[in-house]
Amino acid sequence: MSAQAKPTISMKAVLLSLLVLIINIGVHGLIFLFFRDSTLNPLLTAIFAVLWGVVGVYQIYYSFNWAVEQYPEHIRRKILPFVFVGPATLVLGWLLILPALRTLYLSFFNASSDKFVGLANYAAIFTDRLLATALRNNLLWVFVGTLACVSLGLLIAILADRSSYEKIAKSIIFMPMAISFVAAGVIWKFVYYYQPGDEQIGILNAIVTFFGGEPQAWTSMLQPWNNFFLIIILIWMQTGFAMVIFSAAIKGVPEDILEAARVDGAGEVKIFFGIMIPYISTTILTVTTTIIVFTLKIFDVVMVMTGGQYDTEVVATQFYRQFFMYRNFGYGSTLAIVLLIAVLPVIIINLRQFRKQGGF
Amino acid sequence: MVGRKKRKGSKTLVNVVLGIICFIWLLPTLGLFISSFRPAADILQTGWWKVFPHQEWKTGETLQLSKDVDLREPIEVNGKTYTDDQLRAGVAEGENRLIWENRRARTINLQERGWEVKPDFTLDNYKNVLSGKEYKLKLGDGSETVQKGTGLSQAFWNTLTIAVPATIIPVLIASFAAYAFAWLRFPGRKTLFAIIISMLVIPIQVALIPILKDYTALGLNGSYLGIWLAHTAFGLPLVTYFMYNFISQLPKDLFESAFIDGASHFTIFSRLILPLSVPALASIAIFQFLWVWNDYLVSLIFIGNQPNVQVMSMKIADLVGSRGNDWHLLTSAAFISMLMPLTIFFLLQKYFVKGLMGGSVKG
């Protein structure tokens, strides 16, 4: 070993980095135990926990970097990138990649995951009425929700671009992005509120009765149309996201192309479909995939609004029910995997897109 | 100048159409906001829009029918005849309306239409929600104690304690990783990066069960560290993608000289990259913060029913579930939970919007 010209790894450096590792684990483990078992004043706990969380991460990087600097240059250069990407890889590996594989494994087992059942769970999912409803509803969410968000977002972006109060309008449309699903659920429960009789406190029923209609229980009756009333909530929350991005893309369309088309006598509609849409097609694809992924995973809206009753179940709520209420681990895992398979094409499109954009 | 005139006309149309859309968008939130300040009884009886001036029938003078009038036959009042059904529903007569006041006592009310405003506003709903409700608890030996439920204020601090580190930790980890992916050369770089990017679209449901098992085994369930880590993992792909887009665009010669001067990568990262990335860091941090603050599913699963770490979204979801008709509690609770994200949204909107665009519109 010592016959080589390059300086070798010193025993001291190895011991130091091991020591850094052990001290880090020990110190953060102790702090963790302290927080878990102590009952401090909530405000104090909040302050200390925040301090620990923030300083702790930086300290871990700092100490490992310090340890790596004890190594000779050519070795340091090889180890350092892994100090930088290591934590990200570890966290993702432990909490996303491995779990996905473990869920796949569980999906081949029975309810209590002690008996291998092959593809029985997958077969059951597509024959069980409740699960079939969940799949149908998810498709509704994806198609109706995405289509509405993208087209409304595009429409509003173009309108705002030509209006005299662009900023305020965009803020208003974008605002629901900052509202939690749970709060949005409360807001919309109030809109859809139904009580028999004349006096309505929900605005939708008030409008309906004002025009002489009968008040309706929007989210529970009228199956399967009640799903659309839940999807409207998603549209309300996500159109702003689409709008902001389309708005930026539209502003990127060169003005002279538009002017040239106008001189040639093209109408605004023709300009929109003939120039704008093709020009921002990449952006449309990105926004569409983002919203598709989002709608596939939809959970909170349904959970808060109906709890999945009245045939409004989606895959994610079914998953929650199967796993946490019926304790059917096989079904639960299978549903999660079905969801994953559904987003696979989107992963592939996204990766291709990223490569095209010159990401790698 | 026909063309210009036409443009002007269409601009008015655009303004009006956009105005209508904005109004529709604002209406649900506005309704909740107004309701949260109304007395509990008012919320249940009349719509929130009644706080604005509106026309309503007001009780006027009472007409007494004589005892010998047959209520099954058309009834004569002030020289005109009405059926019983008409009087039940109320029948308009010019500026007035006739309606039974008390059918058994044979009194009819002659109402007048007039403008009315319901100006009653109160802060009681907010007080009720913030302080928590009292409930009785039966102990094992049969005795009862009265305990005060934890109000939203405890949940507020819990949410903050979760959200701040769950924002900073992933942003820091992702920035370190993004720097290495952009400026360091190491084996497996492309593969690792592709894997992280593809994690963007993994539904988190796939990961929940195994993580829960690990957490239970490690005692991380219901702890701050556990939920920070979960949020970190779920946010990391997106944050890394954003930070990579930004950091890889920085001019190379900017820190090449620093490197020649003998600065280590760690120093370059801390002293150069982080300060330069402040706009990107701010925008993605806002995004992550809002996401964590508004999260429901992750908390539901990794916190469960432990009241001392419960977050706001869970508290409100509980309210919706257990007392779906207590509108006075629901409306104010929802608004308290929206306060923080909306403040951040309006204060830092510029960065937030920029961040969204930076990650999505490229090339």
Side-chain angles (χ1 to χ4, degrees), chain A residues 32 35-36 42-43 46 49-50 53-54 57 65 80-81 84-85 87-88 91-92 95-96 99-100 102-103 159 162-164 169 172-173 178-183 186-188 190-191 201 203 206 244-245 248-249 283 286 293 297 299-300 304 316 319 336 339-340 343 346-347 351 354 357 360, chain B residues 14-15 18 22 25-26 28-29 31-32 47 154 157 160-161 164-165 168-169 172-173 176-177 180 184 186 190 197-199 201-203 205-207 209-211 223-225 228 232-233 236 265-266 290 294 296-297 313 316-317 320 330 334 337-338 341-342 345 353 356-357 360-363:
Chain A
F32 164 68
F35 274 112
R36 200 187 55 180
L43 187 60
V50 167
V54 175
V57 178
N65 179 67
L80 194 67
F84 276 47
V85 296
V91 171
L92 275 179
L95 297 175
L96 265 181
R102 285 163 71 186
T103 302
L159 285 179
R162 285 140 192 247
S163 74
S164 5
I172 289 174
I173 307 289
I179 297 174
S180 72
F181 280 111
V182 177
V186 177
I187 289 178
W188 283 88
F190 203 57
V191 171
I201 61 167
I203 190 141
V244 163
I245 293 168
T283 314
T286 320
V293 170
K297 298 189 270 188
F299 171 79
D300 319 47
V304 175
F319 158 84
L339 213 54
L340 179 59
V343 290
V346 186
I347 303 181
L351 273 179
F354 192 70
Q357 284 174 359
F360 258 79
Chain B
V14 163
N15 282 341
L18 191 65
C22 287
W25 236 256
L26 213 52
T29 323
L32 198 81
Q154 160 94 54
W157 290 118
L160 203 65
T161 316
V164 174
I168 295 172
I169 295 173
L172 202 58
I173 292 183
F176 270 106
L184 302 180
F186 57 96
K190 284 186 183 181
I197 294 304
S198 45
M199 291 292 119
V201 285
I202 297 246
Q205 280 92 350
V206 169
I209 300 164
I211 296 180
S223 73
Y224 287 129
L225 183 64
W228 292 342
T232 302
L236 209 50
H265 280 296
F266 190 83
L290 288 181
N294 289 334
Y296 174 53
L297 180 61
S313 55
I316 295 162
V320 182
L330 278 180
S337 82
M338 281 158 60
L342 282 184
F345 169 75
V353 169
L356 270 176
M357 290 174 341
S360 310
V361 198
K362 217 196 134 205

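Naming: A, B, ... by sequence-line order, numbering from 1 per chain.
- Among S313(B), A180(B), A334(B), P28(B), the residue with the largest count of heavy-atom pairs under 4.5 Å with chain A is P28(B).
- Highest contact tally toward chain B, considering only L96(A), L340(A), V54(A), is held by L96(A) [criterion: heavy-atom pairs under 4.5 Å].
- In this structure a side-chain-to-backbone donor-acceptor pair under 3.5 Å is present from N294(B) to A178(A).
- In this structure, the separation between CZ on F181(A) and CG on L297(B) is 11.0 Å, given to the nearest 0.5 Å.
- Note on I179(A), D300(A), V191(A): by heavy-atom pairs under 4.5 Å with chain B, the leading option is I179(A).
- Among L80(A), V57(A), I173(A), the residue with the largest count of heavy-atom pairs under 4.5 Å with chain B is I173(A).
- For P165(B), the side-chain contact (heavy atoms from CB on, under 4.5 Å) criterion is met by V50(A), I169(B), W228(B), not counting sequence neighbours.
- When all heavy atoms of I172(A) and W25(B) are compared, the closest pair comes out as O-CD1, 3.9 Å.
- Most heavy-atom pairs under 4.5 Å with chain B: of the set A169(A), S163(A), A183(A), this distinction falls to S163(A).
- Contact record, A100(A) with V206(B): CA-CG1, 3.3 Å, taken as the closest heavy-atom pair.
- Heavy atoms closer than 4.5 Å to chain A are found in both the backbone and the side chain of L18(B).
- The two atoms that bring L95(A) and A207(B) nearest to each other are O-CB, 3.5 Å, heavy atoms only.
- Contacts of V91(A) with chain B are made by both backbone and side-chain atoms, with heavy-atom separations under 4.5 Å.
- Residues meeting the side-chain contact (heavy atoms from CB on, under 4.5 Å) test with P210(B), sequence neighbours left out: P99(A), R102(A), T103(A).
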